[in-house]
*Asks:* 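Starting off with a structure, shown below.
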Amino acid sequence: MVRHGESPYEGIDRTRGLTVNGQLSAQSIADVLRGEGIDTIISSPYTRSILTVEPLAKQLSQEVIVCEELKERIFSSEEKRLPDNELFPLLKKSFLDPNLALEGGESNNECQKRAVKVLKELLNTYEGQKVVIGTHALVMTLMMGYYHEAYNLDFLLQTTKPDIYKMEFNRQELVGVKRL
């Protein structure tokens, strides 16, 4: 799991790119993962996620496979990023009530169900292979939280931009997690 690099806070959420620091971090991600024997690179359709894993894909002469279902949790019908003074209280409430959703948005449960379904499909399709998933902190936390309760709001709030978590599976069973 690769959480995207730093992104500017203004603009349409889906198309926000990376800051200069985010671009430098994307190259660092490529350097860290270059020797890991990566077979496939898959990303959320959001520009910042694609741009974070793209340098690795180029180094490995691979294409980034874009997967719509790995998109960020939809918080509301608005396409702009929620300001922090609205986002953080909503995140806290969403972890207390996983079915909470704003009008036009999805709940943590809905987002988790969508993302875990994709993860399970990827585990079947790429069994025995090493796959990079370019994603978002909340989506990553919800996927990981499906497998273990330690991946909760506190975990989410301590992640960095970017961040890398190596998850090891035995078929569909999570057997290990290591922060790289």
Side-chain angles (χ1 to χ4, degrees), residues 1-75 78-88 90-92 111-112 114-115 118-119 122 126 129-145 150-169 174 176-180:
M1 298 285 175
V2 175
R3 181 190 182 185
H4 64 79
E6 184 181 275
S7 181
Y9 288 119
E10 61 278 343
I12 296 173
D13 200 35
R14 183 178 277 264
T15 57
R16 287 189 292 123
L18 295 175
T19 63
V20 171
N21 281 344
Q23 293 168 15
L24 293 172
S25 296
Q27 188 56 54
S28 295
I29 294 286
D31 294 341
V32 168
L33 295 177
R34 180 182 7 203
E36 289 289 322
I38 303 301
D39 297 296
T40 303
I41 301 170
I42 300 170
S43 178
S44 155
Y46 284 39
T47 303
R48 60 192 180 273
S49 291
I50 295 168
L51 292 175
T52 300
V53 297
E54 209 166 54
L56 175 65
K58 286 179 181 175
Q59 280 186 6
L60 301 176
S61 299
Q62 294 185 21
E63 294 291 323
V64 176
I65 300 169
V66 175
C67 180
E68 180 67 27
E69 292 80 16
L70 291 173
K71 66 186 174 190
E72 178 65 280
R73 177 183 159 194
I74 304 300
F75 288 100
E78 294 288 316
E79 290 190 22
K80 291 184 178 178
R81 181 186 186 276
L82 288 176
D84 287 348
N85 66 340
E86 293 177 33
L87 180 62
F88 293 127
L90 177 59
L91 286 173
K92 188 173 183 178
C111 180
Q112 182 182 57
R114 165 176 53 83
V118 171
L119 181 57
L122 294 174
Y126 299 100
Q129 297 182 43
K130 293 182 179 182
V131 177
V132 166
I133 298 176
T135 189
H136 308 271
L138 180 55
V139 176
M140 177 179 76
T141 299
L142 293 173
M143 282 192 280
M144 294 170 77
Y151 304 105
N152 54 26
L153 179 62
D154 290 334
F155 170 81
L156 170 68
L157 295 176
Q158 62 85 34
T159 61
T160 61
K161 291 181 187 176
D163 220 338
I164 308 171
Y165 286 87
K166 182 178 182 177
M167 299 175 70
E168 186 178 346
F169 288 87
L174 179 64
V177 176
K178 179 181 178 183
R179 183 172 188 246
L180 300 180

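This is a predicted model, so every value here is computed, not measured.
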*Asks:* When you compare the side chain of E72 with that of R14, does any pair of heavy atoms fall below 4.5 Å?
*Replies:* no

*Asks:* Tell me whether E86 at atom CD has more than 12 heavy atoms from other residues, nucleotides or ligands lying less than 6.0 Å away.
*Replies:* yes

*Asks:* Distance from S44 atom OG to M140 atom CE, nearest 0.5 Å?
*Replies:* 13.0 Å

*Asks:* Measuring only between side-chain heavy atoms, which start at C-beta, is V53 closer than 4.5 Å to L33?
*Replies:* no

*Asks:* Apply side-chain contact (heavy atoms from CB on, under 4.5 Å) to the pair F75 and D13, showing each step before the final yes or no.
*Replies:* CA-CA 11 Å; F75 288 100; D13 200 35; 6.0 Å; no

*Asks:* May I ask you to test the L56-Q62 pair for a side-chain heavy-atom distance under 4.5 Å?
*Replies:* no

*Asks:* Would you indicate whether the side-chain heavy atoms of R114 and K71 approach each other to under 4.5 Å?
*Replies:* yes

*Asks:* In Å, rounded to the nearest 0.5 Å, how long is the span from CZ of R48 to CG of L18?
*Replies:* 9.0 Å

*Asks:* Compare every heavy atom of E69 with every heavy atom of V118, then report the nearest pair and how far apart it is.
*Replies:* CG2-CB, 3.2 Å

*Asks:* Starting at CG of L142, measure out to CG of N152 and round the result to the nearest 0.5 Å.
*Replies:* 10.5 Å

*Asks:* Atom CD1 in I133, atom CE in M167: separation rounded to 0.5 Å?
*Replies:* 8.0 Å

*Asks:* Is any side-chain heavy atom of R16 less than 4.5 Å from a side-chain heavy atom of T47?
*Replies:* no

*Asks:* Please determine, by modelled atom types, if D31 and Q27 share a side-chain donor-acceptor pair under 3.5 angstrom.
*Replies:* yes

*Asks:* Run the side-chain contact (heavy atoms from CB on, under 4.5 Å) check on T135 and M143 step by step: do they pass?
*Replies:* CA-CA 10 Å; T135 189; M143 282 192 280; 4.2 Å; yes

*Asks:* Going by side chain to side chain donor-acceptor pair (under 3.5 Å), name the residues that satisfy it together with T141, two or more places apart in sequence or in a different chain.
*Replies:* none

*Asks:* Do Q23 and L51 have side-chain heavy atoms sitting under 4.5 Å apart?
*Replies:* no

*Asks:* Using the ring centroid of each side chain, check whether F155 and Y165 are separated by less than 6.0 Å.
*Replies:* yes

*Asks:* Tell me, with the steps shown, if S43 and L70 meet side-chain contact (heavy atoms from CB on, under 4.5 Å).
*Replies:* CA-CA 7 Å; S43 178; L70 291 173; over 6 Å; no

*Asks:* For H4 and Y46, I'd like to know if the aromatic rings sit close, meaning centre-to-centre distance below 6.0 Å.
*Replies:* no

*Asks:* For V139 and C111, which heavy atoms make the closest approach, and how far apart are they?
*Replies:* CG2-SG, 4.0 Å

*Asks:* Quick one: pull up CG in L153 and CG in L138 and give me the separation to the nearest 0.5 Å.
*Replies:* 9.5 Å

*Asks:* Can you list the residues that meet the side chain to side chain donor-acceptor pair (under 3.5 Å) rule with R73, with sequence neighbours excluded?
*Replies:* S94, N108

*Asks:* Would you give the length of the straight line joining atom CG of L90 to atom CG of N85, rounded to the nearest 0.5 angstrom?
*Replies:* 11.5 Å

*Asks:* Taking all non-hydrogen atoms of both residues into account, name the closest pair between A137 and T159 and its distance.
*Replies:* CB-OG1, 3.8 Å

*Asks:* T160 versus R179: any side-chain heavy-atom pair under 4.5 Å?
*Replies:* yes

*Asks:* Taking the side chain as every heavy atom from C-beta outward, state whether Y9 and T19 have any pair of such atoms under 4.5 Å apart.
*Replies:* no

*Asks:* Backbone N or O of V131 within a donor-acceptor pair of the D39 side chain at under 3.5 Å?
*Replies:* no

*Asks:* Which atom names give the shortest non-hydrogen contact between Q129 and T40, and what distance separates them?
*Replies:* OE1-OG1, 3.9 Å

